[in-house]
There are 2 protein chains.
Amino acid sequence: MKVNLNQLKEEFKKYLKRKNMKITQSRLDLIDLLASYGKHFEVEELVNWVSSRTDRRVSRSTIYRTIKLLQEFGAIKEVIKQNNRTIYEFVVGKPHHDHLVCVECGRIIEFVNEDIENLQDEVCKEYDFEPMNHRLEIFGICSDCRRKNI
Amino acid sequence: MKVNLNQLKEEFKKYLKRKNMKITQSRLDLIDLLASYGKHFEVEELVNWVSSRTDRRVSRSTIYRTIKLLQEFGAIKEVIKQNNRTIYEFVVGKPHHDHLVCVECGRIIEFVNEDIENLQDEVCKEYDFEPMNHRLEIFGICSDCRRKNI
DNA sequence: TATCTTAATGAAAGTCAATCTCAATCAGCT
DNA sequence: AGCTGATTGAGATTGACTTTCATTAAGATA
Ligand SMILES: [Mn+2]
Ligand SMILES: [Mn+2]
Ligand SMILES: [Zn+2]
Ligand SMILES: [Zn+2]
């Protein structure tokens, strides 16, 4: 579960070189920032958080561009699409998992279920479909919110 | 699988009365149109299609408002959220199912898997989470597109 | 049926996430 | 240090969706 940040950055540098892209300070900074954020996040939230750490400014444009890049690289995933908001997660060093989303308080519960994963693979085989990624979102009411509502 | 449209409309009328809302021509027309559309759809697509049938004009605003209403009523579901587009489906008379989405050609394959559904319920029990609805989207490449790419 | 009250509608304006544009800057090769 | 092309930031733009508000229609009442 522990991420070797330096190793990750080295891999990212190789990835950038392979794509003839430049290793810039902004890109490396964002990896650091994302690795230390430790929560599911929305881009706008990240923009604010990054600009609050005044050490070095990174523009909104660059943050959007780098998030897309890190998604292709595989360090970040879109985990929830609700209303018209996208919630992301830094997934390096985290095993794959899916999410329960409380529609009342927004709480996000992570779960792992190997059986569901295997069944998905079976379904894909059945339809001769090559899966690349998936998103299972279960929307409902968490225990805390149910207790409050009584 | 066969939907009794009149019965559906009667239920929708009751639903509207319960909510002190009016039974309007636009609302009834949209149920007819949606029931006859027979495909997954995006709102903008529906707006165009509806306005191409010149029998009676319904504005974009009303279409958006009615789609939201029909979602609450349960006749329509958001089935895919990708990029910043939402794909809907008229679900009356259709058993619950999930989707494989080809990221190359946009093809949507529907599948039913009771085992996955049951496992989801188990997960929810485990976390004392009351599920309301869920969305399982598997993104990948369909067989046709894989053949083309060889 | 005519009248009245209130919800629904349409057109246009507004919102908001995300993308694009382009001049200035930076990475990194020589 | 100088060169070349990728990257950046600020602001403009897009596109899906929502809101506003004057007008219209539903449907209850008499
Ligand atoms: Mn997660
Ligand atoms: Mn479907
Ligand atoms: Zn909750
Ligand atoms: Zn395809």
Side-chain angles (χ1 to χ4, degrees), chain A residues 9-10 12-31 33 40-51 53-73 76-88 106, chain B residues 9-10 12-31 33 40-51 53-73 76-88 106:
Chain A
K9 280 156 117 175
E10 288 313 311
F12 187 51
K13 287 179 186 173
K14 280 182 210 154
Y15 174 80
L16 291 172
K17 280 186 182 152
R18 243 181 287 137
K19 297 193 59 168
N20 287 318
M21 296 178 88
K22 291 181 176 167
I23 295 159
T24 65
Q25 200 52 50
S26 298
R27 286 172 179 161
L28 296 178
D29 283 358
L30 275 173
I31 289 213
L33 290 167
H40 298 98
F41 64 90
E42 294 178 57
V43 180
E44 217 54 31
E45 183 183 337
L46 192 69
V47 169
N48 294 333
W49 187 66
V50 167
S51 72
R53 323 185 83 225
T54 45
D55 28 358
R56 199 172 170 286
R57 139 156 214 85
V58 184
S59 75
R60 164 179 277 94
S61 307
T62 297
I63 292 179
Y64 271 102
R65 288 189 274 235
T66 307
I67 281 179
K68 190 172 253 181
L69 189 61
L70 287 172
Q71 255 183 287
E72 289 159 18
F73 174 58
I76 282 177
K77 279 207 173 78
E78 290 181 352
V79 291
I80 295 161
K81 289 263 191 185
Q82 203 189 6
N83 309 327
N84 45 351
R85 306 177 326 136
T86 303
I87 295 178
Y88 294 87
Chain B
K9 280 156 117 176
E10 288 313 310
F12 187 52
K13 287 179 187 174
K14 280 183 212 155
Y15 175 80
L16 290 172
K17 280 187 181 153
R18 241 181 290 135
K19 297 192 59 169
N20 287 316
M21 297 178 86
K22 290 178 178 171
I23 296 159
T24 65
Q25 200 53 51
S26 298
R27 285 172 179 161
L28 297 178
D29 283 358
L30 275 172
I31 288 212
L33 291 166
H40 298 97
F41 64 91
E42 295 178 55
V43 180
E44 217 54 33
E45 184 183 337
L46 192 69
V47 169
N48 295 331
W49 188 65
V50 168
S51 70
R53 322 186 85 225
T54 46
D55 29 355
R56 197 168 174 288
R57 137 154 217 86
V58 184
S59 75
R60 164 179 277 93
S61 308
T62 297
I63 292 179
Y64 272 102
R65 288 189 273 234
T66 307
I67 282 179
K68 190 172 254 181
L69 189 61
L70 287 171
Q71 256 184 285
E72 288 160 16
F73 175 59
I76 283 177
K77 280 207 171 78
E78 291 181 351
V79 291
I80 296 162
K81 289 264 191 184
Q82 203 189 6
N83 309 328
N84 45 353
R85 305 178 323 137
T86 303
I87 295 178
Y88 295 87

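Letters A, B, ... are given to chains in the order of the sequence lines, protein chains preceding strands, and every chain is numbered from 1.
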Terminal helix-axis angle for the helix from C/dT1-D/dA30 to C/dT30-D/dA1, with five pairs defining each axis and rounding to 10 degrees: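 Answer rounded to 10°: the end axes differ by 30°.
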Round to a whole Å and report the spacing from [atom1] of [X] to [atom2] of [N].
| X | N | atom1 | atom2 | value |
| --- | --- | --- | --- | --- |
| A/Glu44 | C/dT19 | CD | C1' | 13 Å |
| B/Gln25 | C/dA8 | CD | C1' | 13 Å |
| A/Leu16 | C/dC29 | CG | P | 13 Å |
| B/Asn20 | C/dT6 | CG | P | 12 Å |
| B/Asn83 | C/dA17 | CG | P | 17 Å |
| A/Ile63 | C/dA18 | CD1 | C1' | 13 Å |
| A/Lys17 | C/dA27 | NZ | P | 14 Å |
| B/Lys22 | C/dA7 | NZ | P | 7 Å |

Side-chain heavy atoms of [X] within contact of [Y], under 4.5 Å:
| X | Y | value |
| --- | --- | --- |
| A/Val50 | A/Leu30 | yes |
| B/His40 | B/Ile80 | no |
| B/Lys13 | B/Glu10 | yes |
| B/Thr86 | B/Val43 | no |
| B/Ile31 | B/Leu70 | yes |
| B/Ser51 | B/Arg60 | no |

For [X], report the nucleic acid contact type (base, sugar-phosphate, nothing); a contact means any heavy atom under 4.0 Å.
| X | value |
| --- | --- |
| B/Ser61 | base |
| B/Lys81 | nothing |
| B/Arg85 | nothing |

Chain A footprint on DNA chain D, 5' to 3' - any atom under 4.0 Å from a heavy atom: D/dG5 to D/dG11
Between A/Arg27 and B/Arg60, which residue's closest nucleotide on DNA chain D lies nearer the 5′ terminus? A/Arg27
5'-most contact on DNA chain D: B/Ile23 or B/Lys68, nearest heavy atom basis? B/Lys68
Looking at B/Lys9, I want to see if its NZ is surrounded by more than 12 non-hydrogen atoms of other residues, nucleotides or ligands under 6.0 Å.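 Check passes, neighbour count above 12.
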Spacing of CG belonging to B/Leu69 relative to OG1 belonging to B/Thr62, to within rounding of 0.5 Å: 11.0 Å
Considering just the side-chain nitrogens and oxygens of B/Thr62, establish if one lies under 4.0 Å of OP1 or OP2 belonging to C/dG10.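 It does, given that an N or O in the side chain of B/Thr62 lies less than 4.0 Å from OP1 or OP2 of C/dG10.
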Is the B/Phe73 ring parallel, tilted or perpendicular to the B/Tyr15 ring (thresholds 30°, 60°)? tilted
